[in-house]
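First the structure, in the form of structure tokens, and then the observations on it.
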Amino acid sequence: MDIEDLRTFVAVADAGGVSAAARRLGISKSIVSRRLFRIEAELGVQLLARTTRGAALTEAGITFRDHAARASAEIDTAREAILPTGELRGRLRVAMPLSFGPTHFSPVIAEMAQHHPQLHVHTSYSDRFVDLIAEGFDCAIRVGYLQDSNLVAKRVGPIYGKLVASPAYIRTHGSPETVDQLIDHQALMQGTESWQFLDGDRIITVQPQGRFKADNAMALAAAAAAGLGIAWLPDCVTHDYVASGALVPVMTRYPPPSAGAYVVRPPGQHTARKVRVLTEMLIAYFARHPQLWGIDG
């Protein structure tokens, strides 16, 4: 039984249809359909029931999906065991933030693709929360404070940030000096997140309030520069604004604790070598370019 047929069946099962699996795998729908036909013909059973909405697993398909996924993983593990320093092959799907993924992380992705010409790299840039398992990603790069989850996370470097506001906002509304005063100001947020600040060794958590929200850090920086409120943003996003005077740091006596950049992957005992290589390259990249992540002091 062809290993690519097994992988394709698992992708269709997880994606819920041929079209979604084809997009995920980066191949045509006709190739996906042929692979499914071959595997069902060899087994002599129907694994998928085609519907107008996609494809649903039959009872046999539900059983076979787990075996197929384990077999694919075992083959990957065996290949890596006998070729630990060999060329990376196959496909790597990575999700990363749109806010500064293209400017700060994409050079590492490009370097990895250059060093491993047999590796097919598919990168998705978005600030939405990506479900790695449901959407078929090998890993994601996430920035900030990680929430508890069943994902496996590896920290690759620190991310420093601060509260900023425009001079016009400060002239009109004043500058908060304490955490209590911050509650009276307009906060620019991604959603309903909490903000944390250091008071010596003590961490203070605040639930900010505000009328302007955006799921993109660059949009929040622009809103802060326009005088709409106070934003907590990474230094790598606000550096040019601060350097030009369009934004100024506020409440500097209570700095936020440093956040982090992480490579997260679905749970499992074995980390794919392609994910390990990317993680190691990101750690090295952070070490070579510390000024990218906290340069405003």
Side-chain angles (χ1 to χ4, degrees), residues 96-107 125 127 141-146 155-262 285-286 288-297:
M96 65 176 63
L98 177 63
S99 293
F100 42 88
T103 54
H104 290 74
F105 295 124
S106 62
Y125 295 91
D127 285 327
I141 300 172
R142 290 183 178 163
V143 173
Y145 305 105
L146 287 189
R155 193 172 189 264
V156 295
I159 298 289
Y160 299 98
K162 58 173 64 70
L163 288 184
V164 291
S166 71
Y169 178 89
I170 294 173
R171 284 194 298 271
T172 303
H173 302 282
S175 177
E177 298 296 331
T178 67
V179 174
D180 291 338
Q181 293 176 5
L182 182 62
I183 303 300
D184 298 325
H185 286 265
Q186 282 289 321
L188 309 176
M189 301 177 291
Q190 291 195 10
T192 57
E193 69 268 20
S194 301
W195 287 354
Q196 292 184 332
F197 303 95
L198 291 174
D199 183 7
D201 295 331
R202 186 167 64 103
I203 294 180
I204 303 173
T205 301
V206 177
Q207 297 294 141
Q209 303 295 321
R211 66 183 181 87
F212 187 94
K213 297 181 180 181
D215 65 356
N216 180 275
M218 299 304 295
L220 292 175
L228 294 180
I230 297 174
W232 184 103
L233 292 167
D235 290 347
C236 52
V237 171
T238 62
H239 171 64
D240 290 343
Y241 287 96
V242 172
S244 69
L247 291 175
V248 296
V250 299
M251 215 175 77
T252 54
R253 288 173 50 200
Y254 300 91
S258 65
Y262 301 84
Y285 185 68
F286 266 77
R288 291 198 309 269
H289 303 284
Q291 76 280 5
L292 290 176
W293 315 105
I295 50 183
D296 294 329

- Query: For Val143 and Met96, what are the C-alpha separation, side-chain angles and deciding distance, and is it a side chain to side chain contact (heavy atoms under 4.5 Å, CB included)?
  - Reply: CA-CA 9 Å; Val143 173; Met96 65 176 63; over 6 Å; no

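- Between the CG atom in Leu247 and the CD1 atom in Ile230 there is a gap of 11.0 Å [rounded to 0.5 Å].
- Atoms CZ and OG1, from Phe197 and Thr252 in turn, are 11.5 Å apart once rounded to the nearest 0.5 Å.
- Counting heavy atoms from C-beta on, the side chains of Leu198 and Ile203 come closer than 4.5 Å.
- In this structure, the separation between CG on Leu98 and CE on Met218 is 9.5 Å, given to the nearest 0.5 Å.
- Residues Phe105 and Pro97 have side chains in contact (heavy-atom distance under 4.5 Å, counting atoms from C-beta outward).
- For the pair His173 and Asp184, the minimum side-chain heavy-atom distance is 4.5 Å or more.
- Nearest heavy atom pair, residue His104 against residue Cys236, reads NE2-CB, 3.4 Å.
- Tyr169 places a side-chain N or O within 3.5 Å of a backbone atom of Gln186 that can act as its donor or acceptor partner.
- Nearest heavy atom pair, residue Ala231 against residue Ala224, reads CB-CB, 4.3 Å.
- Within 6.0 Å of CD in Gln209 there are 12 or fewer heavy atoms belonging to other residues, nucleotides or ligands.
- Annotation: side chain of Leu220 is in contact with side chain of Phe212 (closest heavy-atom distance under 4.5 Å).
- Using a 4.5 Å heavy-atom cutoff, the side chains of Tyr125 and Ser106 are in contact.
- Considering only residues two or more places apart in sequence or on other chains, Arg171 meets the salt bridge (Lys or Arg N to Asp or Glu O under 4.0 Å) condition with none of them.
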- Task: Walk me through it: do Trp195 and Leu163 pass the test side chain to side chain contact (heavy atoms under 4.5 Å, CB included)?
- Result: CA-CA 10 Å; Trp195 287 354; Leu163 288 184; 3.7 Å; yes

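- Under a 3.5 Å cut-off, the side chain of Lys213 and the backbone N or O of Met189 do not form any donor-acceptor pair.
- Note that the CG atom of Leu188 and the CG atom of Leu233 stand 8.0 Å from one another [nearest 0.5 Å].
- Atom CD1 of Ile159 sits about 4.0 Å away from atom CZ of Phe286, to the nearest 0.5 Å.
- Put simply, the side chain of Asn216 never gets that close to the backbone of Asp127: no donor and acceptor are under 3.5 Å apart.
- A distance of 9.0 Å separates CD of Glu193 from CD of Gln207, quoted to the nearest 0.5 Å.
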